[in-house]
Amino acid sequence: MKRVGILTSGGDCQGLNAAIRGIAKGLYEEFGDNVEIYGIKDGYKGLIFGEYKLMKPSDFSGILTLGGTLLGTSRQPFKLMRVIDENSVDKVKAMKENYKKMKLDCLAILGGNGTQKTANLLREEGLNVVHLPKTIDNDVWGTDITFGYHSAVEVATDVIDRIHTTATSHGRIFIVEVMGHKVGWLTLSAGIAGGADVILLPEIPYDINKVAKVLKNRVENGKKFSILAVAEGALSKEEAAMSKKEFKKARANLGYPSIVYRIANELQEKVDNEVRVCVPGHFQRGGSPCAYDRVLCTQLGATAAKFIKEKRFGVMVGMVNGQTVPVPLEDVAGKLKTVPVDCPEIQAARQIGISFGD
Ligand code: F6P
């Protein structure tokens, strides 16, 4: 009998259930009745505190289009994994003990960068793990794409489309804050797809005077409204020149709920149009996965089942050049995939006059 545990960890996103389904159906196809799948509750928390249950094949039916994660999730910071907490819980020891208690042959771990680092830690501790890259941020190194990203691009693009019509009616400047943590993939794609006039990314620090100039030029050319797609991690040229410590301190004293509000205030002092902010927030992670993600999750899930059958452990199932491939966790854990500033998408955007505020 094969025993496989599945957990989803970190921020949720579209496609988690589709990927879980892919793994489970793949395993049942490979092993028939000779496999038991354990659903571990709320990510690594369930593995630490022994909260899991034996799943039935029917648990994995009808979930392809379902948003969120049927297993639940939680954020368990990697940097605290080896720290004994105030209740004297040794998290790593507890995870290993529960893995043994379930008699697992392997653990399938669905998550982003932080999750991947802990997956690698478990590998170093001798557990068999397979990681599937999920996040709307698309910032996992070693895979061309993460699931959840395309669905979030659709949502963020829809927000920008809708803001466009009301911005046009009122002749306003709208700043749409797009998620993505420290990288700009989501903002770049949604910004281009939504026809934003200015796109601000963490990878390209902005000059507020240049942004204001673009907006004024548009008014002079008869365009009364403007749309800015701004990454939640965007930063100014002054901030980019700071040390990590100085930047952290400056952001702790930001005085605004987030960077887009500061940008809005600064711009309002420089332009005549009314400047407004729109923060779609977690809408971007919610709801059904788009068709692209359903296919991607099915491919990644089916490949994870194959790797488990082949005993190919300690890897992430990456999608590279259209193929699912095993990527050693030790090569990728802790690396961040940022947007290359000269990537084809940025080049095309610049060619059609989109400003990056630099
Ligand atoms: O990593 C996904 C993400 O949605 C980021 O884009 C965002 O910065 C973060 O998670 C928000 O996290 P939380 O849901 O914990 O507030």
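Just follow the structure's listing: the first ligand is 1, and inside any ligand the first atom is 1. The first residue in the sequence is number 1, and the count goes up from there. All figures in this text were calculated on a predicted structure; none of them were measured in a lab. Scope of the values below: all heavy atoms of this structure, side chains included, with no hydrogens, waters or symmetry mates.
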Checklist entry - Going through the distances and angles, do Y52 and K101 end up as a side-chain contact (heavy atoms from CB on, under 4.5 Å)? => result CA-CA 11 Å; Y52 48 80; K101 206 163 148 192; 4.0 Å; yes
Checklist entry - Between M81 and Q76, is a side-chain contact (heavy atoms from CB on, under 4.5 Å) present by the stated rule, with each step listed? => result CA-CA 7 Å; M81 275 300 176; Q76 303 293 320; 3.5 Å; yes
Checklist entry - When you look at V153 and Y292, which way does the side-chain contact (heavy atoms from CB on, under 4.5 Å) test go after all the steps? => result CA-CA 11 Å; V153 169; Y292 180 96; over 6 Å; no
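For atom 6 (O) of ligand 1, the closest non-hydrogen atom of the protein is D137 OD1, 2.7 Å. Closest to atom 11 (C) of ligand 1 among all protein heavy atoms lies R285 NH1, 3.6 Å. Of all protein heavy atoms, the one closest to atom 12 (O) of ligand 1 is R75 NH2, 2.9 Å.
Using a 4.0 Å cutoff on heavy atoms, Q284 does not count as a contact of ligand 1.
Salt bridge R251/E239: present, at least one basic N to carboxylate O contact under 4.0 Å.
Annotation: cation-pi pair R294/F147 absent, no NZ/CZ under 6.0 Å from the ring centroid and within 45° of its normal.
The atoms of ligand 1 that sit less than 4.0 Å from any heavy atom of H282 are 13 (P), 14 (O), 16 (O). Close approach of ligand 1 to E232 (heavy-atom distance below 4.0 Å) involves ligand atoms 5 (C), 6 (O), 7 (C), 8 (O). Of all atoms in ligand 1, listed by their number and element, those nearer than 4.0 Å to a heavy atom of G180 are 6 (O).
Neither the backbone nor the side chain of L186 comes within 4.0 Å of ligand 1, counting heavy atoms alone.
Proximity of a side-chain donor or acceptor of Q323 to a complementary backbone N or O of G318 within less than 3.5 Å is not detected.
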